[in-house]
Amino acid sequence: MAQTNEDSAEFEQYLKQQQQEFSTYQQSVDKEFAEFVEAWKQAEGKYKAKISKKWQQAKLPSQKQWVGYSDDLNQRTTVDFDSGAITVEVHQSLTSQQVSALAKKTIAKLTKTSISDTLAKDPIVQSVNKQLTKSDKKLAITSSTKPLLAKKHIGELANITSQSQQQKTVITIPLRPSLLSENAQRYYPLAQKQAIKWKIPTSLILAIIHTESSFNPLARSHIPAFGLMQIVPGSAGKDVTQFLTGKISVLSPTQLYSAEQNIEAGSVYLHLLMSRYFKNVTDNKNKLYMAIAGYNTGPGNVARAVSNTTSLKMATKAANKQTSQQLYFQLLENLPHQETVNYLQKVLKRTTYYNNLLTKEST
C-alpha cells in the first residue's frame, strides 16, 4: 500500500511537471508569434509612412489585391483579383505611345516574375527579416515558380484605357472575366486532395478560397493572416500544427504562401471545426453553418451567437434543438460582426455554385 501511494505521488508530480513544461512551451510559442506580429506591424508602418511621402493614399497588399511600387515609388501597380483589373499609376503625364509601352512592360513583368521572386523583393518581408535577428525565425521564401498572373489572364490590349491629369497617369488593363474560374481550376487538384483526406466538400474549400482571397496567391490582411485561405499563424495555425504534428508551432507567412501548405492548413482547420469543436451537432447543415462562421470569427463567437455563452457544449445543445433554417437565421441575427454574417452568406452561395459546377463536370 505504501508503495502504491508512493507511485501515485510520483505520477502526480510527473503530470504536474509535464503541465508546467507544456505551459512554458506554449508561452514561448505565444511570445514568438507576438514578436513576429510586432515586427510585421512595424515593417508595415514604416513602409506605409515612406509611401505616404509620394502618394496621398498609401495602399498596401491586401486579401484580394497585390500592390507593388517601383524602387523610386513613382509608379504603383495594383492587381485586383476580385474586380479583374490591373491598375498602373504613375506620377507623370504620358503620351499614348508611352502608355502603350508601360502597359506592355507591366504585363511582361507580371507574367514572367515568379511568386517566389515577388515575395523575395517585398519590402515588408525584407524589413521583417532584418528585425528577426535569429536565422531560424526569418521568413524563408516559398519555392513557387509560377507567376502572379499567366498571359492567358490578360485581357485584350485594345481595351486598355488611360487617364492623365495633374501630372499623373492612370492606366487600366483588364483581366479576362474567366480569371476566377481559371484560378479555381488551378487550385482544384490541391483542394480535392485535402477534401478527400479530411472528408470535407471540395466545393466548400474553393468557396472559402474565393471568399477569403479571390484566389490571390499573395493575399494578406492586417490581422495578419496569409495566403489563399487566410490562415492566422497564431490562432488557426496553432490548432493545425498541434493536430498534424502533436506539437504547437507558429506557421510562417512564407509557409502559408505555399498554395499546397495553405490549402492543407485551411482544410485541416475546417476539419477541426466540424470534427472537434462542433462534433456533436447532429444536423449536417447546422454543423456546416457553424463551421463556416467559426472559420471567420472563431468557435467561441459562434457558440455565443447560438447559446449566449462561449460553452461549445451549450451551443451544441442549443443547435440540436433547432432546424437548419432556424439556426441559420439565428446566426444571421446574433453573430457579433456584420462581416461574419456576410461571410456566411457568401460562402454558402459559392459552395452551391462550385458544387453545381463540379457535379456538371463529373456527369
Side-chain angles (χ1 to χ4, degrees), residues 26 29-30 32-37 39-41 44 60-66 81 115-116 119 122 124-125 128 137 139-144 183 186-187 190-191 193-195 197-198 200 202 204-245 247-277 291-302 337 339-340 343-344 346-347 350:
Q26 191 161 15
V29 171
D30 290 342
E32 176 189 336
F33 179 62
E35 287 173 353
F36 164 75
V37 170
W40 187 270
K41 298 276 188 187
E44 275 194 332
L60 292 176
S62 62
Q63 287 172 258
K64 300 180 181 183
Q65 291 185 337
W66 175 82
F81 287 82
I115 290 174
S116 295
L119 194 60
D122 188 308
I124 295 173
V125 171
V128 170
K137 304 302 181 191
L139 309 183
I141 304 303
T142 178
S143 59
S144 174
N183 273 335
R186 179 179 179 179
Y187 297 113
L190 297 176
K193 177 183 175 182
Q194 297 303 325
K197 187 173 182 179
W198 304 111
I200 52 180
T202 306
L204 175 61
I205 297 173
L206 291 173
I208 285 181
I209 296 174
H210 187 156
T211 306
E212 291 285 355
S213 65
S214 287
F215 300 94
N216 172 11
L218 291 178
R220 66 181 66 163
S221 71
H222 66 281
I223 295 174
F226 300 94
L228 293 164
M229 297 186 76
Q230 285 294 277
I231 307 299
V232 180
S235 55
K238 290 201 297 185
D239 279 357
V240 168
T241 55
Q242 185 179 35
F243 178 77
L244 289 176
T245 67
K247 182 179 179 181
I248 294 174
S249 59
V250 175
L251 291 168
S252 77
T254 41
Q255 282 178 289
L256 295 174
Y257 280 138
S258 158
E260 187 169 4
Q261 290 185 69
N262 189 283
I263 292 174
E264 179 186 43
S267 300
V268 168
Y269 189 54
L270 279 171
H271 169 75
L272 291 174
L273 286 165
M274 291 181 174
S275 66
R276 177 186 291 176
Y277 293 109
I292 291 171
Y295 193 94
N296 179 263
T297 194
N301 281 334
V302 175
H337 308 293
E339 175 198 332
T340 308
Y343 185 86
L344 175 59
K346 286 178 183 177
V347 171
R350 288 166 181 167

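By the ring-ring contact (aromatic ring centres under 6.0 Å, His included) test, Tyr277 pairs with no residue at all, sequence neighbours left out. Partners of Ala265 according to the side-chain contact (heavy atoms from CB on, under 4.5 Å) rule, which considers only residues two or more places apart in sequence or in another chain, are Ile231, Val240, Leu251, Leu256. Remark: Phe215 pairs with His210 by the ring-ring contact (aromatic ring centres under 6.0 Å, His included) rule, at least two apart or across chains. The side chain to side chain donor-acceptor pair (under 3.5 Å) test applied to Gln65 returns Asp80, not counting sequence neighbours. Residues forming a side-chain contact (heavy atoms from CB on, under 4.5 Å) with Ser275 (at least two apart in sequence, or on another chain): His271. For Ser62, there are no side chain to side chain donor-acceptor pair (under 3.5 Å) partners two or more places apart in sequence or in a different chain. Judged as a side chain to side chain donor-acceptor pair (under 3.5 Å), and not counting sequence neighbours, Ser213 has no contacts. Shown here are the side-chain contact (heavy atoms from CB on, under 4.5 Å) partners of Lys41, two or more places apart in sequence or in another chain: Val37. With sequence neighbours left out, the side-chain contact (heavy atoms from CB on, under 4.5 Å) criterion links Lys193 to Glu260. Residues satisfying the ring-ring contact (aromatic ring centres under 6.0 Å, His included) test with Phe81, not counting sequence neighbours, are none.
Under the salt bridge (Lys or Arg N to Asp or Glu O under 4.0 Å) criterion, the residue pairs touching residues 214-241 are Asp30-Lys238, Asp122-Arg220, with sequence neighbours excluded. The list of salt bridge (Lys or Arg N to Asp or Glu O under 4.0 Å) pairs with a residue in residues 226-236, not counting sequence neighbours, is empty.
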